[in-house]
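Convention: sequence-line order gives letters A, B, ...; per-chain numbering from 1. Please read these numbers as outputs of a predicted model, since none were measured by experiment.
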2 protein chains.
Amino acid sequence: MNLASPPRKSFRETQFELREEAILDATNRLLGNKGYEAMSMDDIAAEVGIAKGSLYKHFESKEALAAAVMVRLLAQTDDALAAVPAHLPGIKRLEGLLRWTLSQRLGGSVPHLPSTSPSLQNSLLANRAYMDTLMALSERIGELIQRARAEGSLQPHLRDEFVLYTLYARTCDPTLDFLKASGSMSDAEIVDQMVSACFHGLAAPTAA
Amino acid sequence: MNLASPPRKSFRETQFELREEAILDATNRLLGNKGYEAMSMDDIAAEVGIAKGSLYKHFESKEALAAAVMVRLLAQTDDALAAVPAHLPGIKRLEGLLRWTLSQRLGGSVPHLPSTSPSLQNSLLANRAYMDTLMALSERIGELIQRARAEGSLQPHLRDEFVLYTLYARTCDPTLDFLKASGSMSDAEIVDQMVSACFHGLAAPTAA
DNA sequence: GTCTATACTGAGATAGAC
DNA sequence: GTCTATCTCAGTATAGAC
């Protein structure tokens with residue numbers, strides 16, 4: 001992503017950034033497991049192993065910290081999207097992207113959409129960095145959707161924005177959590193069924 | 001539902017129950033719009049037009065109040081399910097149920113699954129009345145799923161529990177909120193696309 | 001049973017020593 | 001920059017008059 005890295009960093013700077021990464025990782029886990037409201041700054045500090053006050057030297061508020069986590073996740077998603085082989089048909093690339101995001105989510109990451117917290121959602125909508133990253137990613141996915149549509153692989157009556165939101169929404173689908181909690185299906189099987197149901201539906205194809 | 005209603009009620013009792021209904025209605029709206037955490041008891045009191053303290057004469061806690069709302073909603077859903085014509089094939093009855101729940105949600109009601117709030121979710125899991133009602137409803141839906149399966153109208157490789165959770169999850173799908181917020185589609189169109197995508201998928205059927 | 005006023009608590013954020 | 005200790009405030013719940 002970021003190719004314009006400065007030439008040198010002092011040890012202290014490196015340490016600082018490593019700690020910051022650790023904070024983001026911990027927050028990501030906690031967001032994924034407990035959700036935004038239930039996650040306290042004390043929780044994060046304890047998970048990282050530092051004092052709560054120190055968190056505020058890195059991020060000015062809980063909202064800013066959560067936003068940073070989301071921005072990083074969206075950027076990683078953009079990378080994952082770029083990594084999907086470009087020669088595949090559009091619908092297959094969308095499928096690959098969904099697989100990647102679902103795997104992330106099952107691995108304990110925060111959902112891509114902060115739908116689980118209206119308050120976080122509002123603060124993110126006002127966050128410039130988040131909105132920019134989200135727009136850029138949505139732009140790319142939108143292109144894939146149009147490609148898939150041009151290739152005739154999408155249901156013609158479904159609108160582009162409906163398809164886009166639906167793909168985003170799958171990453172915060174509580175079905176994932178319930179199935180994982182029930183323990184009767186492996187992560188791989190859950191992903192398979194979600195992807196299948198998303199693209200081909202619950203109903204058996206009828207011999208039209 | 002409740003056929004064993006007592007023969008007579010005093011005026012005061014009736015007033016009391018009407019107010020209680022009003023409280024449940026207001027809470028239902030607020031839950032649907034703001035979510036559990038963001039909704040304060042002050043909000044509810046203001047919406048109903050009574051003092052906050054009075055709320056506690058009706059419900060012993062915020063959790064209990066939210067649980068009462070959810071129980072009522074599940075009971076209504078059970079009624080709606082019973083109202084779907086029984087002569088229809090299983091898959092059509094499931095579709096009808098989904099339509100009803102989506103319409104409720106778009107009308108401002110709380111989602112059937114409290115997935116938007118982990119804390120509420122936990123308190124509900126410990127709530128006897130809620131769990132009983134949820135189990136009863138799931139039982140009925142489960143029967144419909146098995147009927148649809150026996151009729152060959154479900155994808156054979158999707159598990160029953162996956163289908164059940166997926167149907168529940170559609171009622172708290174953030175796609176609904178985003179599409180409604182974008183304003184480019186009518187409620188009816190949103191419901192149509194959601195039902196279509198849920199049962200038949202995003203992808204166009206391939207001529208196998 | 002409804003009101004006003006208040007106690008209590010959890011959690012976000014800050015101050016100041018080191 | 002990190003720590004401990006503290007401030008502040010929102011919000012649940014309760015007390016007490018009527």
Round to a whole Å and report the spacing from CD of A/E20 to P of D/dT2.
-> 10 Å
Spacing of A/Y56 atom OH relative to D/dT6 atom C1', expressed in whole Å = 14 Å
Is the shortest side-chain N/O distance from A/R19 to OP1 or OP2 of D/dT2 below 4.0 Å?
-> yes
Within 45° of the axis and under 6.0 Å from the centre of the six-membered ring of A/Y36, does NZ or CZ of A/K62 qualify?
-> yes
Relative to the 5' end of DNA chain C, which residue comes earlier, A/M39 or A/K57, by the nucleotide with the nearest heavy atom?
-> A/M39
Distance, nearest 0.5 Å, that separates CZ of B/R72 from CD of B/E20 = 10.0 Å
Report the nucleotide, chosen from D/dG1, C/dG1, C/dC3, that has the shortest atom-to-atom distance to any side-chain atom of B/F16.
-> C/dG1
B/R12 CZ to C/dT2 C1', in whole Å, measures 10 Å
With under 30° as parallel and over 60° as perpendicular, where do the rings of A/F16 and A/H58 fit, or are they tilted in between?
-> parallel
Nearest-Å distance for atom pair NZ/P, residues A/K34 and C/dG10 = 13 Å
Closest to the side chain of B/A51, out of C/dT4, D/dA13, C/dA11, is C/dT4
Between C1' of D/dA10 and CD1 of B/I44, the distance in whole Å = 15 Å
Between the side chain of A/D78 and the main-chain N/O of A/L137, is any donor-acceptor distance below 3.5 Å?
-> no
Given C/dC3, is OP1 or OP2 found less than 4.0 Å from the side-chain N or O atoms of B/S54?
-> yes
Side chain of A/I50 (C-beta onward), nearest among D/dT12, D/dC3, D/dT2 = D/dC3
Nearest-neighbour nucleotide for the B/K52 side chain, D/dT12, C/dA13, D/dT2 considered | D/dT12
Look at all strands and tell whether B/K62 reaches a base, only sugar-phosphate, or nothing, counting heavy atoms closer than 4.0 Å.
-> sugar-phosphate
To the nearest Å, give me how far apart CD (A/E63) and P (C/dA13) are.
-> 7 Å
Between atom CE in A/M41 and atom P in C/dT14, what is the gap in whole Å?
-> 10 Å
Taking 4.0 angstrom as the limit, do B/D173 and B/R170 come out as a salt bridge?
-> yes
Distance, rounded to the nearest Å, where A/D42 contributes CG and C/dT9 contributes P | 17 Å
